[in-house]
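Remarks on the structure that follows.
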Amino acid sequence: MQLLLTVLLAAPVAAPLSPTPAPAAIQPQDGAREALEKELTWKLENLAERCQKAKAFRERNATYVLLLRFDPDHAKARKTLGHKKDRKSGDWVEPSRAREPKAAADEVAAPLREERLGLLRSHVDAVLADLDGQDLPKRIQRRQEQRLLELMPDHEGLRERGGEVREGDSWVLAETVRARTVRKAHEKLRSDLKSAAPEPEAAGIEDAEQTWGVTFAKAVATPAVRIVSAVSDGEANQTARLAHATYAYLDALLGTTDPLQQGTLYLFEGPAATAAFCNAYPGLEPGQRKLFGGLLCSYLDHEHANSSSKKREERLDGAVRMSIARHLAWKTGTWSKHGWIAEGLGIYVTHQMCGTRLIYTVRESEGSSSKGGTKVEDRMKRKDADWLALARTTLQGKNPPKLAFTLGRDVNTLTRGDVLVANALAAYLIEGCEEGTALRVLKRIGREDVSSAKALEEELGLDPPALERRLIRWLEELGK
């Protein structure tokens, strides 16, 4: 037995893309930055000498360790710290059993420690002022600030520039704080939109539609969707209202305002009817007829889709998925080529609208849905599954999916791990990022044919590895 758990759009399937190569290291120095680092190096050398004279050896060593961040081959610092150069590799090697240097009295050490921190803070502030005076791309600015944060993790200005806010004694991502608030607002919004969805009105069935292998009994419509149905009247009405609310919800989530003309969704039941319908539906290629004939739901063209499982719950899930696919195709230009969007955002919104997550074809032999299951795919199937928690453990587990690869795959080549990561990334963009961010990213990808990795990096200032790290941190903070 096969359960169809995927969405395939009626468009050519693209091969998976290679991951975007990591950007070359930024050569840090313009003239001003080089001068700032030379000045700091000189001041640290003088401070280390004064630490030596004061017999504040721990502060001396700490000063030399900092100095090596700016002058890795500083001979006196290396010698004092006991580092030796490997004759074969030429790398500096730290002593295997370094002795802790003797500490000076606090009244001697504390002023020297504060002076070192003051020198570092002054340097960081000067570099930030230099960065602010340049018209740098967001991604380059972000990398430079991250390097400074590695030098001075407690610098409040750097934390704030990096999108962090203080909660008590800790720093958390602004996206985490935003998500906590947005989730409550979105829950109310969904409830309001479902309640406000208009009652469907009777609509006509075209003569041609009755020749497509299925005997349709009824058609109903809202301004957003026409349902041509061979199932119960109650289900047809329920589907129409939920699809209508889904269009409105996506408009609210993404901030899209351009009108979308009414689409048609065909509801019927079972694999035999699906095969007959796809064989008769006009305009499909032979390969599409065969492919779509075995699917739970299909995006037939930009105006028509079908949902046809034997189970009502799956038909409703498929109808919502097709409504999302059509909305994204028309309003952002994205489709199955952009697998992480089609699956990630599609599953994310579907679960919010009707409480189900049906992903792609799996055989029962691949895992049961029993509560005793331990595999990730077993847990994914449970109705109460926390997919964000599963995404976190997947990204932190053995052989995790690489976001760079996930972003380049079409809908047919995503793995289960990819789907979890895609769903988490969709949640991050919708819940965590500022309004308008998700739409700008999607339009860059769909309308301008920019790679997903490039569009995200340009908008967020994070290349795929950095975005993956931030996504993991966001998932961790939400899970606390």
Asp386 and Arg392 ion-paired at < 4.0 Å: no

Arg33 bridged to Asp130 by N-O distance under 4.0 Å: yes

Arg159 and Glu145: CA distance, side-chain angles, deciding distance, side chain to side chain contact (heavy atoms under 4.5 Å, CB included) verdict: CA-CA 9 Å; Arg159 291 280 184 182; Glu145 291 169 355; over 6 Å; no

Heavy-atom closest pair, residues Tyr428 and Leu471: CB-CD1, 3.8 Å

Criterion ring pair (Phe, Tyr, Trp, His ring centres under 6.0 Å) on Tyr299 and Trp335, from CA distance to verdict: CA-CA 10 Å; Tyr299 188 86; Trp335 52 290; 9.7 Å; no

Donor-acceptor contact present, side-chain Gln262 to main-chain Thr222, <3.5 Å: yes

Tyr348 backbone acceptor or donor facing His351 side chain under 3.5 Å: no

Lys443 (side chain) donor-acceptor with Glu448 (main chain) under 3.5 angstrom: no

Arg142 side-chain N/O to Glu457 backbone N/O, donor-acceptor pair under 3.5 Å: no

Sequence neighbours excluded - salt bridge (charged side-chain N to carboxylate O under 4.0 Å, His left out) pairs with any residue from residues 248-269: Asp251-Lys331

For Pro223 against His244, the heavy-atom pair lying closest together: CD-CE1, 3.8 Å

Carboxylate-amine/guanidinium contact Arg326 Glu303, below 4.0 Å: yes

Any pair counted as salt bridge (charged side-chain N to carboxylate O under 4.0 Å, His left out), so long as it reaches residues 236-250, sequence neighbours left out: Glu199-Arg241

Val214 side chain reached by Tyr266 side chain, heavy atoms, under 4.5 Å: no

Residue of the set Asp463, Leu429, Thr437, Leu462 for which side chain to side chain contact (heavy atoms under 4.5 Å, CB included) holds with Leu456: Leu429

Closest contact, heavy atoms only, Arg166 versus Gly168: CG-O, 3.2 Å

Positive for salt bridge (charged side-chain N to carboxylate O under 4.0 Å, His left out) with Arg180, one of Glu431, Glu187, Glu167, Glu175: Glu167

Lys311 and Asp317: CA distance, side-chain angles, deciding distance, salt bridge (charged side-chain N to carboxylate O under 4.0 Å, His left out) verdict: CA-CA 10 Å; Lys311 297 181 179 180; Asp317 181 283; over 6 Å; no

For the student: nearest non-hydrogen atoms of Leu260 and His327, plus distance: CD2-CA, 4.3 Å

Backbone of Met380 reached by a side-chain donor or acceptor of Trp387 within 3.5 Å: yes

Qualifying salt bridge (charged side-chain N to carboxylate O under 4.0 Å, His left out) pairs with a residue from residues 201-215, counting only residues at least two apart or across chains: Glu209-Arg226

Geometric class of the Phe277/Phe216 ring pair [parallel <30°, tilted 30-60°, perpendicular >60°]: perpendicular

Pairing of Arg444 and Glu458 as salt bridge, 4.0 angstrom limit: yes

Short side-chain to backbone donor-acceptor contact, Glu468 and Leu403, under 3.5 Å: yes

Asp192 and Ser195: side chain donor to acceptor below 3.5 Å: no

